[in-house]
Every structure is written in structure tokens, then in C-alpha cells.
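Have a look at the structure below, then the notes.
Since the structure is predicted, the reported quantities are computational estimates derived from the model, not experimental observations. Just so it is clear: chains get the letters A, B, ... in the order the sequence lines come, proteins before strands, and each one is counted from 1.
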Protein chains: 2
Amino acid sequence: MGETKKRSTQQREAVARALEGAGGFRSAQDLFDALRNDGAKISLTTVYRTLQYLADEGSVDVLRSKEGEAIFRRCASSEHHHHLVCRECGAAVEIESAEVEDWAERVAERHGFTSVDHLAELYGVCRKCAN
Amino acid sequence: MGETKKRSTQQREAVARALEGAGGFRSAQDLFDALRNDGAKISLTTVYRTLQYLADEGSVDVLRSKEGEAIFRRCASSEHHHHLVCRECGAAVEIESAEVEDWAERVAERHGFTSVDHLAELYGVCRKCAN
DNA sequence: TCGCAGTTGAAAATCATTTGCATCTAGCCT
DNA sequence: AGGCTAGATGCAAATGATTTTCAACTGCGA
Ligand SMILES: [Zn+2]
Ligand SMILES: [Zn+2]
Ligand SMILES: [Zn+2]
Ligand SMILES: [Zn+2]
């Protein structure tokens, strides 16, 4: 039942690189397409597996697009944070806010809820996409 | 291109009632099961169709569970608001907060994003489920 | 260099949700 | 009250995203 040792493979490096290069939030399919266009030898299955692994490790953030598909992003900060995401291109800015953290805690307490965490994301159109 | 007239049917009434009775966020399947247990004559397809319709009308709020499935709730307020949701039973409290609204607007402006909206939900364990 | 646990890919399996279509029925007209 | 028809329903099949299966492959420590 111990953690299984992870290897460093071409595919995993490639996914990490693609994620890095993307900058914004991307779906597994998006990353797969980008990788294939770059001539990478990888399967969609492996992209999914790698993303799941990275998400579990906490090295990528996962959100859901309006349509419900999972989108991933390699964030600079590994601390808890929020995002301001561009609906057009997926570009994202990482946001920290004691304000929201305090609010969440205060509200939870007021209503007697415990083990409370939260999700707070902003969606808009970035300057570049605003045309 | 005009809106198509909607009828009031047994099934729609039943879904509305189930939603009302649920109190918290529920998946289409959850509602379907509850309805069937109550002896309602309805198909899962219709539950989905009705929920989609209600969501479009804005009379139910839609969130995504951690696993990505859509969960619905009939909220008292039709105004924009947030939720404090129980991870165990789905019970939810509606939250209004000028604080969060202001924060969102401020952050968006600071980064030059336009048409910004946001999602802010709190997840925890309610008093009842805390055992 | 060997051995093998961890990894990969292609295809099949899941799961939630949607769609096609033939069959009903609510609501309006007479 | 009976009929008409746009709208609604149910089942089965189609989708789409994600996961699993499993046999073949490959990092990497000995
Ligand atoms: Zn992030
Ligand atoms: Zn936070
Ligand atoms: Zn609500
Ligand atoms: Zn708000």
C-alpha cells in the first residue's frame, strides 16, 4: 500500500513542458493536440494519466469549464490561491486574497459549518482578447 | 425564432416538487431516484430536460460536484448569490456578500479584464452531518 | 547488462448527458 | 365534450469526456 515510485519519462516531461508553455488553463485534449503538433509521441490516455497525477501531487490546478470538462494549469504558486481566467484564451492570473479567506471562514463559522474550504474564480476577457 | 410555449405537466411539477423538497444540491440521478421512490412516473431523460430548462430560466442554480457532475438547487433568491454547501448531505445556505462582489470587481479592473463574473462557493460539513 | 516494477498505447468500458424518433397529451378551438 | 396540434415524454442509441484493461515496452537500480 506504499506510494509507488514515479519515473521520469519522455511523455511526462512533454506534458509538463506543454503545460508550462500554455500559460493558461487547458483541457487534456487541448494539450494532447498541442503535443501532437509538436511532434510528440504520446497518447491521449497518457495525457490524462499524467494530468491526474500532477493534479494529485498538487502541481497543477484543476477547474471545470462551463461545459464541465476539466481544465488544467501549471501555477507559479503552490499555495492556495484563486484565478482570474480569460474566457477566450484561457490565460490566467493567480490571485491571493486574505479578504476572501477571511470571508469564507467567517461565513462558515456563522453557520456552524466545519472543515470548510472554498472555490472562488473570476472569469472575464483579458486585455489581449478584448481586441 | 420566438420562445416556444411551455406546458405544465405532471413530470415538470414533480421535478419542481422534488427539487423543493430536497433543500440542497442534487444531481439529476438523485432527483430521478427520489421521484421514482415516490412512485412518480417519469424518465431520467425528462428529469434532465426539465432541469436544463429550469436552469436556463434561472430558477435553479447549477454547480458541479467534485466529480464533475451537475448538481441543482432551487434557491429562494433569484438574485446573484453564493452558497455554503454541505459535502455530506448537499444542504446549502445562500450567501450574499458585497465584500466578494467588490473584491471581484476590483481584481478584474486591476488586471484589465472585462465582462467579468465570478463563482465563489464554500464547501464544508453542516452541523447536522458533523454528527 | 539484467530484471522488473512502473509506464505506455490502443481498444474497450464507464458515466453523465444529449439526441432521434415514434408515441402521448395539455391547452386551446369549436 | 371532442378534436387538433404544438409541445412533451420515454426509450434506445449516440455523444463526449474520462477511466480501465492488458499486453507490450522502458527507465533505472543492482
Ligand atoms: Zn493556480
Ligand atoms: Zn481562497
Ligand atoms: Zn443559489
Ligand atoms: Zn458574487
Side-chain angles (χ1 to χ4, degrees), chain A residues 1-19 22 24-57 59-73 90, chain B residues 1-19 22 24-57 59-73 90:
Chain A
M1 41 156 297
E3 301 298 293
T4 144
K5 303 152 199 167
K6 296 293 179 185
R7 280 177 201 167
S8 160
T9 67
Q10 283 182 47
Q11 291 76 343
R12 283 182 189 163
E13 307 274 308
V15 170
R17 217 176 309 121
L19 221 27
F25 280 89
R26 295 295 141 79
S27 70
Q29 186 68 58
D30 287 343
L31 292 166
F32 174 66
D33 293 343
L35 284 163
R36 275 300 176 79
N37 283 335
D38 274 343
K41 171 190 164 304
I42 192 172
S43 71
L44 180 56
T45 302
T46 294
V47 173
Y48 270 109
R49 277 194 284 232
T50 303
L51 288 172
Q52 185 179 59
Y53 158 63
L54 292 173
D56 288 347
E57 298 301 66
S59 43
V60 301
D61 286 355
V62 191
L63 290 181
R64 294 256 162 207
S65 70
K66 210 101 187 176
E67 299 76 47
E69 57 173 344
I71 49 180
F72 308 80
R73 180 174 193 261
Chain B
M1 40 158 296
E3 302 297 294
T4 144
K5 303 153 201 166
K6 297 293 179 185
R7 280 179 199 164
S8 160
T9 66
Q10 285 182 45
Q11 293 73 345
R12 283 183 189 161
E13 306 275 308
V15 170
R17 219 176 309 120
L19 222 26
F25 281 89
R26 294 293 142 80
S27 70
Q29 185 69 59
D30 286 343
L31 292 166
F32 173 66
D33 292 345
L35 284 164
R36 276 300 176 80
N37 283 336
D38 273 343
K41 172 189 163 303
I42 192 172
S43 71
L44 180 55
T45 302
T46 294
V47 174
Y48 270 109
R49 279 195 281 234
T50 302
L51 289 172
Q52 184 178 59
Y53 158 62
L54 293 174
D56 289 346
E57 298 302 67
S59 44
V60 300
D61 286 356
V62 190
L63 290 181
R64 295 247 162 215
S65 71
K66 209 99 186 179
E67 300 76 47
E69 56 174 344
I71 50 179
F72 310 78
R73 179 175 196 262

Take the protein atom [atom1] of [X] and the nucleotide atom [atom2] of [N], then report the distance between them rounded to whole Å.
X: Ile71(A); N: dA17(D); atom1: CD1; atom2: C1'; result: 14 Å
X: Glu67(B); N: dT17(C); atom1: CD; atom2: C1'; result: 16 Å
X: Lys41(B); N: dA8(D); atom1: NZ; atom2: P; result: 15 Å
X: Lys6(B); N: dT25(C); atom1: NZ; atom2: C1'; result: 16 Å
X: Leu51(A); N: dA17(D); atom1: CG; atom2: P; result: 15 Å
X: Glu69(B); N: dT18(D); atom1: CD; atom2: C1'; result: 14 Å
X: Leu54(B); N: dT17(C); atom1: CG; atom2: P; result: 15 Å
X: Leu31(A); N: dA17(D); atom1: CG; atom2: P; result: 14 Å

Among the nucleotides dT17(C), dG10(D), dT8(C), which one has an atom lying closest to any side-chain atom of Thr46(A)?
-> dT8(C)
Candidates dG10(D), dG9(C), dT9(D) - which lies nearest the side chain of Thr9(B) | dT9(D)
If we only count heavy atoms from C-beta on, is the Val62(A) to Leu51(A) side-chain gap below 4.5 Å?
-> no
Under a 4.5 Å cut-off applied to non-hydrogen side-chain atoms, are Thr45(A) and Arg49(A) in contact?
-> yes
With sequence neighbours left out, what residues match Asp38(B) under side chain to side chain donor-acceptor pair (under 3.5 Å)?
-> none
Please check the phosphate of [N] (OP1 and OP2 only) for any side-chain N or O of [X] closer than 4.0 Å.
X: Ser43(A); N: dA10(C); value: no
X: Ser27(B); N: dA16(C); value: no
X: Gln11(A); N: dG9(C); value: yes
X: Arg12(A); N: dG6(C); value: no

Just call it for Ser8(B): base, sugar-phosphate, or nothing, with non-hydrogen atoms closer than 4.0 Å on any strand.
-> sugar-phosphate
To the nearest 0.5 Å, tell me how far [X] [atom1] sits from [Y] [atom2].
X: Arg36(B); Y: Leu31(B); atom1: CZ; atom2: CG; answer: 13.5 Å
X: Glu57(A); Y: Thr50(A); atom1: CD; atom2: OG1; answer: 11.5 Å
X: Ser27(B); Y: Ile71(B); atom1: OG; atom2: CD1; answer: 8.5 Å
X: Tyr53(A); Y: Ser59(A); atom1: OH; atom2: OG; answer: 7.0 Å
X: Arg12(B); Y: Arg17(B); atom1: CZ; atom2: CZ; answer: 14.5 Å

Residue pairs meeting ring-ring contact (aromatic ring centres under 6.0 Å, His included), one or both in residues 28-51 of chain B, sequence neighbours left out, come to none
Taking all non-hydrogen atoms of both residues, which atom of Leu35(B) and which atom of Ala18(B) are closest, and how far apart?
-> CD2-CB, 3.8 Å
Determine to 10° how strongly the helix from dT18(C)-dA13(D) to dT30(C)-dA1(D) is bent, judged from the axes of its five-pair ends.
-> 30°
Yes or no on side-chain contact (heavy atoms from CB on, under 4.5 Å) for Thr46(B) and Thr9(B), after CA distance, side-chain angles and deciding distance?
-> CA-CA 11 Å; Thr46(B) 294; Thr9(B) 66; over 6 Å; no
Listed by chain and number, what are the salt bridge (charged side-chain N to carboxylate O under 4.0 Å, His left out) partners of Arg73(B), not counting sequence neighbours?
-> Glu94(B)
Using the 3.5 Å cut-off, write out each protein N or O paired with an N or O of nucleotides 12-15 of chain C and the distance between them.
none

Pull out every protein N or O sitting under 3.5 Å from an N or O of nucleotides 18-24 of chain C, one pair per line with the distance.
from: dT18(C); atom 1: OP1; to: Gln52(B); atom 2: NE2; distance (Å): 3.4

